Amino acid sequence: MDKFMNRAVELALQNVEEGGQPFGAVLVKNEKVIAEGVNELHKRHDVSGHAELLAIRRAQEKYQVNDLSGFTMYASGEPCSMCLTAMYFAGIEKIYYCQSVDDAMAVGLGKSSFIYNELKKPKENREIKMIQVPLKEAQENPMKNWKAKQ
């Protein structure tokens, strides 16, 4: 475990030297590094360019799968809600991390704590307003069409 966590921290430190944020991630299966990532927000101007998401994307592309059951994520920082959600969707079963969301917030990084708290609120009490617009009666239903094709 130490070598994978050390690698995640090494990636984070290297990313800071290159002008990025201090986040690195290593995705492992069967004690083998499958994919790595660092936050690339400074390079790509893409809010989804987080270390964990990039490692997930690279592994899924490499293996041409959506399901990453049996994989373990090693991250220099506690995953934000977006990355954590992606790991749930991908089926990743275990996450090791070094520094907490609170540690990141203490140095002025991100909105993770705010978002975690927002998600606990009922939809109607969140900062972002979510308004459902039902399908019109005459509209084709994409979800029903998907289910029919399964």
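Predicted model, so just to flag it, every value in this text is computed and none were measured.
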Ignoring hydrogens, what is the shortest heavy-atom contact between [X] and [Y]? Give both atom names and the distance.
X      : Y      : answer
Val47  : Met82  : O-CE, 3.3 Å
Ala59  : Leu27  : CB-CD2, 3.5 Å
Ser113 : Val101 : N-CG1, 3.6 Å
Ala90  : Ile56  : CB-CG2, 4.5 Å
Ile115 : Ser81  : CG2-OG, 2.9 Å
Phe23  : Ala104 : CZ-CB, 4.3 Å

*Check the angle between the aromatic planes of Tyr63 and Phe71 and answer parallel, tilted or perpendicular using the 30° and 60° thresholds.*
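The rings of Tyr63 and Phe71 stand perpendicular, inter-plane angle above 60°.
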_Whether Glu40 and Arg58 form a salt bridge (side-chain N of Lys/Arg under 4.0 Å from carboxylate O of Asp/Glu) is what I want to check._
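Glu40 and Arg58: salt-bridged.
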Taking [atom1] in [X] as the centre, count heavy atoms belonging to other residues, nucleotides or ligands within less than 6.0 Å. Is the count above 12?
X      : atom1 : result
Lys94  : NZ    : no
Tyr116 : OH    : yes
Glu61  : CD    : no
Lys144 : NZ    : no

Any chain of hydrophobic side-chain contacts (each under 4.5 Å) joining [X] to [Y]?
X     : Y     : value
Leu54 : Met87 : no
Tyr96 : Val28 : yes
Phe89 : Ile95 : no
Ile34 : Leu11 : no

*Taking salt bridge (charged side-chain N to carboxylate O under 4.0 Å, His left out) as the test, write out the residues that go with Glu93, two or more places apart.*
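So Glu93 forms no salt bridge (charged side-chain N to carboxylate O under 4.0 Å, His left out) with any residue.
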*Who passes salt bridge (charged side-chain N to carboxylate O under 4.0 Å, His left out) against Arg126, sequence neighbours left out?*
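By the salt bridge (charged side-chain N to carboxylate O under 4.0 Å, His left out) rule, Arg126 matches no residue at all.
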[X] and [Y]: side chain donor to acceptor below 3.5 Å:
X      : Y      : answer
Asn145 : Glu140 : yes
Asp102 : Ser100 : no
Arg7   : Ser76  : no

Please confirm whether the backbone N or O of [Y] pairs with a side-chain atom of [X], one donor and one acceptor, at under 3.5 Å?
X      : Y      : value
Asn30  : Lys32  : no
Asn39  : Ala51  : yes
Gln150 : Trp146 : yes
Asn15  : Gly20  : no
Glu118 : Glu127 : yes
Asn6   : Asp2   : yes
Gln139 : Lys136 : yes
Glu52  : Cys83  : no

Using a 4.5 Å cut-off on heavy atoms from C-beta on, say whether the side chain of [Y] contacts that of [X].
X     : Y      : value
Pro22 : Leu109 : yes
Glu18 : Lys43  : yes
Thr72 : Lys29  : no

[atom1]/[X] to [atom2]/[Y] distance, rounded to the nearest 0.5 angstrom?
X      : Y      : atom1 : atom2 : result
Arg57  : His50  : CZ    : NE2   : 9.5 Å
Cys98  : Asp103 : SG    : CG    : 10.0 Å
Leu135 : Met143 : CG    : CE    : 8.5 Å
Ile128 : Lys123 : CD1   : NZ    : 13.5 Å
Met73  : Tyr97  : CE    : OH    : 14.5 Å
Asn66  : Gln60  : CG    : CD    : 5.5 Å

*Please say which of Met5, Glu36, Glu10, Lys3 ends up in a side chain to side chain contact (heavy atoms under 4.5 Å, CB included) with Val26.*
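That would be Glu36; it is the only one of Met5, Glu36, Glu10, Lys3 passing the side chain to side chain contact (heavy atoms under 4.5 Å, CB included) with Val26.
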*In sequence, state the C-alpha distance, the side-chain angles, and the governing distance for Lys111 and Met105, and then conclude on side chain to side chain contact (heavy atoms under 4.5 Å, CB included).*
CA-CA 7 Å; Lys111 297 181 175 183; Met105 296 297 288; 5.7 Å; no
